[in-house]
Amino acid sequence: MKKPVYLDYAATTPVDPSVAEEMIKYLTPDGIFGNPASRTHAFGWQAEAAVETARRQVASLVHADPREIVWTSGATEADNLAIKGVVAGRTGVHVVTSSIEHKAVLDTCKWLEQHGVEVTWLAPDREGRIRAGQVLEALRENTVLVSLMLVNNELGCINEIAEIGRLLREHGVLFHVDAAQAAGKMPVDVSRMPVDLMALSGHKVYGPKGVGALYVRRSPDVRIEAQIHGGGHERGMRSGTLPTHQIVGMGKAFLLAQDGLEAEMAELENLRETFMSGIEGLSGVTVNGSQDCRVPGILNLSFDGVDAESLMLGLRDLAVSSGSACASATIEPSYVLRGIGLSDEQAHRALRFSFGRFTTKEEVAFASSQIVDVVSRLRAVR
Ligand SMILES: *Cc1c(COP(=O)(O)O)cnc(C)c1O
């Protein structure tokens with residue numbers, strides 16, 4: 001069977017070959033396989049040096065200080081650590097988030113709610129964005145944390161994080177931002193964006209799965225309680241032997257992302273235009289989420305009169321997603337699309353196409369012609 005064209009880069013990306021090449025050097029007996037926490041011999045020192053290089057590379061992409069980077073197993077763990085780490089041990093506190101966050105944030109906040117924390121769930125506008133004014137209105141005396149995503153994984157829309165951050169800084173409320181879909185897709189700069197905590201993932205940026213990081217601001221100093229206890233690694237914030245090969249991979253991937261950011265954004269914009277012009281002839285297509293404030297690689301489209309399940313069946317040669325990957329095992333309409341005001345019916349007609357580094361113009365042209373064919377055919381037999 002011919003492999004389908006991969007248009008699901010927002011779910012995960014392949015590891016860049018040069019990243020894989022780097023990672024293998026940190027696994028085998030002839031490589032640097034030591035425990036980075038081993039202080040008594042060169043095996044440990046070399047591994048530690050590699051971890052610290054990667055820490056600088058990850059920090060550099062988001063303009064952070066390397067000492068502000070805490071390694072985790074992914075953005076899910078980073079989100080958990082940020083949110084639970086701020087709230088832990090405090091009673092009578094209030095947290096603000098939105099109804100279209102990634103499950104890693106949603107479910108963490110739901111769990112807090114079940115344990116007595118008050119949570120305000122902000123509703124985004126039709127474009128998928130949360131506005132600074134809404135956040136301000138939601139603040140209470142006892143608000144300790146606001147958690148919002150920089151880029152939405154289903155829609156690709158960008159929140160006004162800098163504005164919201166400035167406002168929260170004035171009010172002395174901590175701000176956690178899930179930037180898993182933003183890093184490597186747009187400029188992210190914590191020196192200009194007053195956020196206190198920020199979750200990052202390796203595998204959305206051509207690094208390996210199973211590694212991520214939490215940015216924890218040092219100035220002003222942000223304190224969080226560890227959620228995983230053990231050897232006191234990562235300045236006590238996250239214990240566990242560091243996976244050197246994963247970390248080296250994430251570092252290299254973030255370095256590549258930084259070097260190629262502008263060119264890659266321009267290339268993805270081109271692919272998006274090729275794709276959109278390929279389906280121009282098709283009527284009844286709606287772009288879900290913001291049209292102008294978005295990252296170039298993610299495109300969420302609704303097709304009038306065609307449900308996404310049938311469309312995906314017809315589009316066997318394309319690997320795309322309806323809703324988020326985590327929700328695709330269920331036939332529930334996407335809570336993100338429902339969250340921006342689409343009806344169940346409209347939400348059931350949406351597919352997410354996401355492009356990336358290895359997507360070619362030919363693949364995109366093929367995808368759009370397939371879509372035109374299948375949508376037209378499905379509409380004809382209605
Ligand atoms: C993928 C993703 C996550 C989860 O990241 P993992 O590293 O897979 O745990 C969290 N938030 C957003 C917005 C994502 O896209």
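Since we're looking at a predicted model, the values are computed, not measured. Side-chain atoms are counted along with the backbone in the values below, which use heavy atoms only and exclude waters and symmetry mates. One-based numbering, in listed order, for ligands and for the atoms of each.
Every atom of ligand 1 is numbered from 1 in the order shown, and the set under 4.0 Å from a heavy atom of Met149 is 13 (C). For ligand 1, the atoms closer than 4.0 angstrom to any heavy atom of Ala75 are 3 (C), 4 (C), 5 (O), 6 (P), 7 (O), 9 (O), 10 (C). Near Ala180, with a cut-off below 4.0 Å to any heavy atom, the atoms of ligand 1 are 2 (C), 11 (N), 12 (C), 14 (C). Residue-ligand proximity, Ser201 to ligand 1, at heavy-atom distances under 4.0 Å covers atoms 5 (O), 6 (P), 7 (O). Those atoms of ligand 1 that come under 4.0 Å of a heavy atom in His203, given as number and element, are 6 (P), 7 (O), 8 (O). Counting atoms of ligand 1 from 1 in the listed order, those under 4.0 Å from a heavy atom of Gln181 are 13 (C), 15 (O).
Looking only at distances, no side-chain donor or acceptor of Glu269 sits under 3.5 Å from a matching main-chain atom of Pro296. With hydrogens and angles disregarded, a donor-acceptor distance shorter than 3.5 Å links the side chain of Asn152 to the backbone of Glu154. In terms of modelled atom types and a separation under 3.5 Å, the side chain of Asp196 and the main chain of Phe175 share a donor-acceptor contact. Side-chain N or O atoms of Thr13 include one that pairs as donor or acceptor with a backbone N or O of His203 at under 3.5 Å.
Side chains of Pro17 and Phe358 form a contact here, defined as non-hydrogen atoms less than 4.5 Å apart.
Neither the backbone nor the side chain of Glu77 comes within contact range of ligand 1; no heavy atom lies under 4.0 Å.
Here the closest non-hydrogen pair linking Glu225 and Gln227 is O-NE2, 3.0 Å.
Counting only heavy atoms of the protein, atom 1 (C) of ligand 1 lies nearest to Lys204 NZ, 1.2 Å. Looking from atom 11 (N) of ligand 1 to the surrounding protein, the closest heavy atom is Asp178 OD2, 2.6 Å.
Defined by atom type and a distance below 3.5 Å, a donor-acceptor pair is present between the side-chain atoms of Glu101 and Ser98.
Looking at Thr76 next to ligand 1, an N or O pair under 3.5 Å apart turns up.
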